[in-house]
Every structure is written in structure tokens, then in C-alpha cells.
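So you know, we letter chains A, B, ... as the sequences are listed, proteins then strands, and number each from 1.
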Protein chains: 2
Amino acid sequence: MTTRRKTRQASESSKRAILEAVLSRAVEAGYEGTTMADVASASGLPIGSVYWHFQNKEQLFVELLDYCFEVWKQANAPIGSMRDLLRRSISESAAASASLAAPAAAFWSIGLVFAFERRLEDNLARQRYLAIRKEMFQFVTCQLRASYPEVPEDVAEELAHDLAVMGRALTDGFRVAAAAGDDIDFTRYAELAADALESLVTTRLKGYEHA
Amino acid sequence: MTTRRKTRQASESSKRAILEAVLSRAVEAGYEGTTMADVASASGLPIGSVYWHFQNKEQLFVELLDYCFEVWKQANAPIGSMRDLLRRSISESAAASASLAAPAAAFWSIGLVFAFERRLEDNLARQRYLAIRKEMFQFVTCQLRASYPEVPEDVAEELAHDLAVMGRALTDGFRVAAAAGDDIDFTRYAELAADALESLVTTRLKGYEHA
DNA sequence: GTCTATAGTAAGATAGAC
DNA sequence: GTCTATCTTACTATAGAC
């Protein structure tokens with residue numbers, strides 16, 4: 001390659017510093033509230049460098065979403081049991097709002113900002129969030145579907161879909177609670193949420209489980 | 001009074017037109033995304049009139065939140081059964097994102113924008129949203145608490161609190177789903193959500209209900 | 001109370017030296 | 001690749017005629 005090694009490393013580390021900076025600001029301020037000047041100063045680089053590494057603000061957020069989603073996938077590839085998934089998602093919600101200890105979780109808090117950012121349908125960052133949201137939903141649905149091998153296919157399919165919808169609503173809802181600063185014990189409610197969903201499973205699978 | 005009747009009526013109707021305008025814009029664009037020029041043009045009045053009726057953008061949103069909360073209270077004063085509450089809240093979520101058919105519900109969609117608008121702690125509109133959120137939570141908790149007169153006070157208290165937290169997470173979560181444009185049947189999931197919460201009640205009250 | 005014109009400012013983005 | 005200076009636009013808010 002024509003690029004020298006040291007240069008490329010410097011470039012990559014700057015890029016990462018900028019992504020970390022925009023993550024830390026975006027969690028606090030959302031999309032509109034995060035300014036490029038903020039990002040630059042938080043990253044320690046001048047604003048010119050930000051625009052050298054990223055085309056514009058929109059693309060910067062697109063790459064941030066991709067970056068966070070990669071981190072999430074690596075940490076959550078096999079989701080495990082539904083209870084584990086809820087446990088992780090809901091307690092991470094609380095963490096994400098407070099600090100950057102859980103960067104993967106922070107992604108979802110930023111993402112929700114985009115859910116409400118309906119102004120311009122052609123905002124690429126919003127479109128990317130919605131795409132990842134869909135992909136994640138499919139992923140979770142498939143995993144859940146495989147958890148009920150002993151029931152008829154159509155029943156398992158519908159059950160997995162319902163659980164995925166309910167689980168997503170619950171995790172999103174607790175992320176809202178975290179953002180609003182509600183004074184609740186997220187760990188405890190993660191368990192209660194799992195209890196509630198499991199009882200839905202039990203009710204619906206009566207007659208199939210041991211058939 | 002020194003104000004002539006016709007003048008006051010005109011003033012009130014203009015004020016209301018502006019509130020309707022900001023509501024319609026805010027549901028689509030959030031706080032930062034709604035500009036005073038947008039509001040003015042949607043209301044049919046020039047921007048100068050908007051500033052004549054409202055001190056500034058922040059106060060405009062404060063009054064919008066108050067206005068919507070009043071509408072909500074009038075429509076929901078006795079919440080009825082938990083199932084009814086969820087039914088209303090969750091199916092209204094879908095409506096709120098699509099149109100202004102349900103202005104009271106729209107309030108909550110705007111509100112969620114403020115939950116994530118953490119940038120300035122001294123944003124009065126955000127503070128008002130959080131205050132109303134708390135008030136609503138207390139209100140719902142009290143109503144739920146009264147639904148279980150046959151169980152020990154501390155058990156009923158904790159149950160009501162847990163149900164209120166879970167119910168709020170579910171309704172917020174479905175509002176997110178509506179904002180994200182998820183293709184789901186909100187009416188159906190309102191029932192499922194109620195089923196799930198009712199099973200929590202059943203489990204916990206075993207031994208008390210008919211004691 | 002309504003409306004126009006405009007002041008003031010903040011933010012996204014670029015040019016060009018180094 | 002880094003950094004500064006600056007252009008441009010868009011938005012909040014006000015002044016002042018009517």
C-alpha cells in the first residue's frame with residue numbers, strides 16, 4: 001500500500017477517538033443536540049479533522065450506529081435464554097444512561113432518539129437505526145423460535161414473534177425509564193419482565209409441552 | 001374587565017390555534033426539530049403573533065404539555081381496570097404517531113422526546129414533562145392499589161407499584177414501536193400485555209385472594 | 001392583536017496553510 | 001492528517017408600523 005503504517009494507525013486511532021466522542025455526547029444530547037464542535041473538542045481533535053475522517057454529521061452517526069451494532073453483536077451473538085436476554089437488555093438500559101461503561105447498550109439509547117426523529121425521512125442515520133432495529137428483531141425472533149422445538153411450527157412461529165414484540169417493548173420501555181431518570185431497580189424489573197413473558201409461554205403451550 | 005369580549009375570544013382562539021400547530025409539528029419533529037417559523041406557518045399566524053402569545057419556545061412547550069395533560073386527565077380521570085388502561089394507552093400510541101386524532105395521546109409521544117432531551121437540565125419543558133410523568137405514575141399507582149382491597153396493605157402497595165412500573169414500561173415501549181413504524185397490531189398486543197400483567201397478579205396473590 | 005423586517009447567534013461545512 | 005479561519009445558512013427573538 002502507499003500509506004505508511006504509522007500514518008494509518010494514527011488515522012484509525014483518531015477515527016476511533018471521534019466515534020467515542022460522538023457516542024459520549026449523543027447519549028446525553030441526542031442527534032440534534034450534539035454539535036460537531038462538541039464532538040471535536042471531546043475528541044481532542046480540531047473540527048477540520050472530524051470532517052476529514054467523516055463526510056458530514058449524518059454519516060458520522062451512521063458509522064457510529066454501525067460501530068455500536070458490531071460491538072453488540074460480538075457480545076450477544078447467541079442470545080441464550082429469553083430471561084438472560086431481558087436481564088442483559090434491561091439492566092444495561094440503566095447503565096447506558098448513566099455512563100459509557102456499556103458502549104453496546106449506549107447504542108440503543110441513541111437509537112431511540114432516532115425513532116422519534118421523524119422529521120426528515122431521508123435522514124440516513126435514522127434509516128440505519130430502523131434497519132438495524134429490524135435486523136435485530138429478526139435475529140431475536142429466530143433464536144426464540146428455535147427454543148420451542150416440541151410444538152407445531154405455526155404455533156412456535158407465532159409465539160416467538162409475540163415474545164420478540166413484547167420483549168422489545170419492555171426493553172425499550174425501560175430504556176425510556178432510564179432516560180427519564182425514574183428511580184427504579186432495573187435488575188428487579190428485568191426478572192419481573194421475564195416472569196411475565198414466561199407465563200405467556202406457559203399459558204399458550206398448555207397441551208403441547210408434554211404431548 | 002378592560003378587555004372587550006370579541007378581542008379576548010380572538011386571542012384565545014389564536015392561542016389555541018398555535019398550540020394545535022405546535023402539537024402537530026412536535027409529534028413529527030420533536031423539540032429541537034420544531035422551529036418557531038414552522039409553528040407560525042402551521043397556525044396561519046405570523047411569527048410575531050406567536051411571540052406575542054408565548055414568551056418563548058420553551059414556555060410554548062411548557063404550555064403545550066400542560067394543555068395536553070389537562071385533556072388526558074379529563075378523558076382518563078378514573079382509569080378503570082388495568083386492562084382498560086393498557087388497552088387505551090397502547091392503541092392510542094399507534095394513533096398518536098399517525099395523526100392528531102388523539103391529541104391527549106400525542107402528548108406522550110412528544111413527552112418521550114423530552115425524556116431523551118437530557119442536554120440542558122434547566123430546560124423547563126423537559127422538567128415539566130418529568131413532573132407530569134411522576135404525577136401520572138402516582139395517580140395510576142393509587143388507583144391500582146385500591147383494586148386489591150382483600151390483601152395485606154404492604155403486599156397491595158408493592159403489587160400496585162410493580163404493576164405501575166411494568167405498565168408504564170409497556171406503554172412507553174409500544175410508543176417507541178409506533179414512532180419507529182414497527183408493523184404490529186397494537187390492539188392485539190395491548191391484550192397480550194394485559195394478560196402478562198394479570199398473570200403476575202395471579203401468581204403473587206395466590207393464597208390471599210380468597211383468604 | 002397582527003404582521004414585516006431584521007438583529008443576533010449558533011451550527012454545519014469548507015478552504016487552504018502547515 | 002492536523003489545524004485555523006471563515007463562509008453560509010437557519011433559527012430564536014425583537015422592534016416597531018399598523
Side-chain angles (χ1 to χ4, degrees), chain A residues 1-22 25-26 28-64 113 117 119-120 122-126, chain B residues 1-22 25-26 28-64 113 117 119-120 122-126:
Chain A
M1 305 300 168
T2 55
T3 320
R4 280 174 307 138
R5 188 153 150 271
K6 203 173 176 189
T7 303
R8 194 191 305 153
Q9 277 184 352
S11 179
E12 279 307 306
S13 92
S14 291
K15 213 172 164 177
R16 197 193 167 92
I18 294 166
L19 283 175
E20 299 277 4
V22 66
R25 292 298 298 138
E28 296 272 314
Y31 180 75
E32 305 265 14
T34 300
T35 72
M36 295 300 264
D38 278 346
V39 171
S41 90
S43 74
L45 288 162
I47 193 166
S49 292
V50 177
Y51 279 97
W52 191 88
H53 287 283
F54 301 92
Q55 199 183 34
N56 53 30
K57 186 179 177 181
E58 211 167 336
Q59 275 299 322
L60 173 57
F61 274 79
V62 169
E63 294 197 36
L64 173 65
V113 166
E117 203 74 42
R119 183 166 36 151
L120 283 185
D122 50 322
N123 182 318
L124 293 175
R126 175 170 150 87
Chain B
M1 304 299 167
T2 56
T3 321
R4 280 174 306 137
R5 187 153 149 271
K6 200 172 176 191
T7 303
R8 194 193 304 154
Q9 279 185 350
S11 179
E12 279 307 306
S13 92
S14 292
K15 216 173 161 176
R16 198 194 165 92
I18 294 166
L19 283 175
E20 299 277 4
V22 67
R25 291 298 297 138
E28 296 271 313
Y31 180 75
E32 305 266 16
T34 300
T35 72
M36 296 300 263
D38 279 346
V39 171
S41 91
S43 73
L45 288 163
I47 193 167
S49 292
V50 177
Y51 278 96
W52 191 89
H53 287 284
F54 301 91
Q55 199 184 32
N56 54 29
K57 186 179 177 181
E58 211 168 336
Q59 274 300 322
L60 173 58
F61 273 78
V62 169
E63 294 198 37
L64 173 65
V113 167
E117 202 75 42
R119 182 168 35 153
L120 283 185
D122 50 322
N123 182 318
L124 293 174
R126 175 170 151 87

Original post:
Going by heavy atoms in the side chains, are A:Phe61 and A:Asn123 under 4.5 Å from each other?
Top reply: no
Subject >> Exam field: side chain B:Lys57 to backbone B:Tyr31, donor-acceptor pair closer than 3.5 Å >> reply: yes
Subject >> Electrostatic pair B:Glu20-B:Arg16, nearest N-O below 4.0 angstrom >> reply: yes
Subject >> Per-nucleotide protein contact string for nucleotides 12-18 of chain C, where B marks a base within reach and S marks sugar-phosphate only (heavy atoms under 4.0 Å, - for neither) >> reply: SBB----
Original post:
Which heavy-atom pair separates A:Leu45 from A:Ser14 by the least distance, and what is that distance?
Top reply: CD1-CB, 3.8 Å
Original post:
Is the shortest heavy-atom distance from the side chain of A:Val22 to the side chain of A:Glu63 under 4.5 Å?
Top reply: no
**OP:** Check the distance between C:dT2's C1' and B:Leu45's CG and give it to me in whole angstrom.
**Re:** 8 Å
**OP:** Mind calculating the distance between CD (B:Gln59) and C1' (D:dA13) to the nearest angstrom?
**Re:** 15 Å
**OP:** Can you sort out the partners of B:Glu58 under salt bridge (charged side-chain N to carboxylate O under 4.0 Å, His left out), two or more places apart, ordered by chain and number?
**Re:** none
Original post:
Is the phosphate of D:dG1, meaning OP1 or OP2, less than 4.0 Å from a side-chain N or O of A:Ser11?
Top reply: yes
Subject >> Length of the CH2-P vector between B:Trp52 and C:dT4, whole Å >> reply: 18 Å
Original post:
Taking OP1 and OP2 of C:dT2, is either one under 4.0 Å from a side-chain nitrogen or oxygen of B:Ser14?
Top reply: yes
